[in-house]
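Read the numbers this way: they start at 1 and go in the same order the structure lists the ligands and their atoms. Bear in mind the structure is a predicted one, so any value in this text is a computation, not a measurement. Start at 1 with the first residue, then count along the sequence.
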Amino acid sequence: MNLEKLGIKELQEMLRTEKITREELFLFFQDKIKNGNESINAFVETYSFEDANKTEHPLSGIPVAVKDNIAFTGKKMSAGSKMLENYQAPYDSAVAEIFKEIGAPLLGRTNMDEFAMGSSTETSYYGATKNPLDTLRVPGGSSGGSAAAVAAGMAPYALGSDTGGSIRQPAAYCGVVGLKPSYGAVSRRGLIAMSSSLDVIGPITKSVEDAELVFEAIARHDPLDSTSVPHEERRKFQEKNINGKVIGVPKAFLEREGIAPDVLENFYASLSKMEKSGYRIVDIDLPHLDQALAVYYIVQPAEVSSNMARYDGVRFGFSSDHAGDLLDSYVSTRTKGLGDEVKRRIMLGTYVLSSGYHDEYYYKAQKLRNLITREIQEAFSHVDIIATPTTPHTAFRFGEKKDPLSMYLEDLFTVPYNLSGNPALSIPSGFDQDKLPYSIHFVAPLFCEKKLFEVGKEFESLML
Ligand code: GLN
């Protein structure tokens, strides 16, 4: 049976009508992993079946794959790093509590760029994940393991985290759907902090409908995460908006250099399909959008340098046995325990926060972040959705982006909405001549994920 092709509702229906048991469903996916993971390396560890709570929830009994930076009590979580190789989560993340309550069994933890820094999953301590559509190419990152697992049919859906694009870009490269929820919609408790003002947990799925089901399950207010937004507050944003069908496109920004012409062509073809089905496409001006990447690569490393300070070899994780004085031990642990990209970010972040440079870099970036955020929120006073491609080109080959700056350019279209907090959805929009997927990227007003799902489902139906 082709269970890997079925959506969550269809799988749920099979469970309900007892065509299959929960354990059989779980074992089906474990079997797919057994056969497929050696060549793809999407999972760093798999688990055996634990008969979870049976509830009426649409995800009950539907197994999930989870990125290696989300805590499940007693399970290892390493964030793809030697630093946390044997670290066991001492408590449940908020999303783990939800999955346990619902009764969705855990298939395994998925590979990722080290500490979620990267766009290719090449920086993982466990080796790169391969793109199931072409194993010479990267699956994207940092949630490359989650995206590859779903694309290869090794999991019906997965959780990832997105700080600058890490759900949407790998979803795009693997031809699946990825949702970055609004900042504050899903609790970050128990997610290993990378850049705390940008990090969001969200789903990678085969369809928009599935993304909606998973989002609805995990978008709970959490009093233990001070940045989690209560539902009354969310409703205030939702009331203001948006029943229209106007799609804003930042044309000037799109037509800059470095975007593959075929990506733009596919994007404009997607828009004209939307136009034919009743949407109005308008040009919008977001004058500071092209500063978003630079702003991100100041704010993000600054927060990284602070969040990574805890990995000192004393409190948890890897500890070098180099027995010098305390400073020696810190240096040796961090030198051996962390990879190049993580070290690069720590150095960048420490630099932009250092006295004398603080105002020039960090504060200036914060000001621009506010400006960009304001421009984006203002755009939503006359459009209902913003659309761009998800990525500037399709999946690239391993080793192709050795220069860190060229890797950072991957985040061009995704990063602005981590800065502003808006929800964004990546949906496959066709294939290039090498059969690699293109994707379209929709952005909605804060806490208006519903609008994304409505437009996303309509777009998917136009692609059939
Ligand atoms: N590629 C981006 C970075 O390396 C985004 C990573 C992410 O979203 N976790 O920072």
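In this pair, Tyr297 and Tyr408 present their aromatic rings parallel. The plane angle is below 30°, not in the 30 to 60° band.
Neither side chain, Gln300 nor Thr163, offers a donor N or O lying under 3.5 Å from an acceptor on the other.
Ligand-side atoms of ligand 1 in range of Asp162: 8 (O), range being under 4.0 angstrom from any heavy atom. The ligand atoms of ligand 1 that sit less than 4.0 angstrom from a heavy atom of Ser119 are 1 (N). Listed by number with element, the atoms of ligand 1 under 4.0 Å from a non-hydrogen atom of Met117 are 4 (O). Residue contact check: Met194 has heavy atoms under 4.0 Å from atoms 9 (N) of ligand 1. Heavy-atom proximity to Ser142, at under 4.0 Å, picks out these atoms of ligand 1: 9 (N).
Heavy-atom minimum distance, Ala395 versus Val138: CB-O, 3.7 Å.
Of all the heavy atoms of Lys180, none lies under 4.0 Å from any atom of ligand 1, so neither backbone nor side chain is involved.
Taking only nitrogen or oxygen atoms, main chain and side chain alike, Gly118 reaches within less than 3.5 Å of ligand 1. The shortest N or O to N or O distance between Gly165 and ligand 1 is under 3.5 Å.
A cation-pi arrangement, defined by a distance under 6.0 Å to the six-membered ring centre and an angle within 45 degrees of its axis, is present between Lys401 and Phe396.
Protein heavy atom nearest atom 10 (O) of ligand 1, with residue, atom name and distance: Tyr296 OH, 2.6 Å.
Tested against Asp162 for a salt bridge (charged side-chain N to carboxylate O under 4.0 Å, His left out), the candidates Lys180, Arg168, Arg188 yield a single pass: Arg168.
Ligand 1 is never approached by Tyr408 to a heavy-atom distance shorter than 4.0 Å. Residue contacts with ligand 1 do not include Met407, since none of its heavy atoms lies under 4.0 Å from the ligand.
Distance CZ/Phe43 to OG/Ser146: 8.0 Å, rounded to 0.5 Å.
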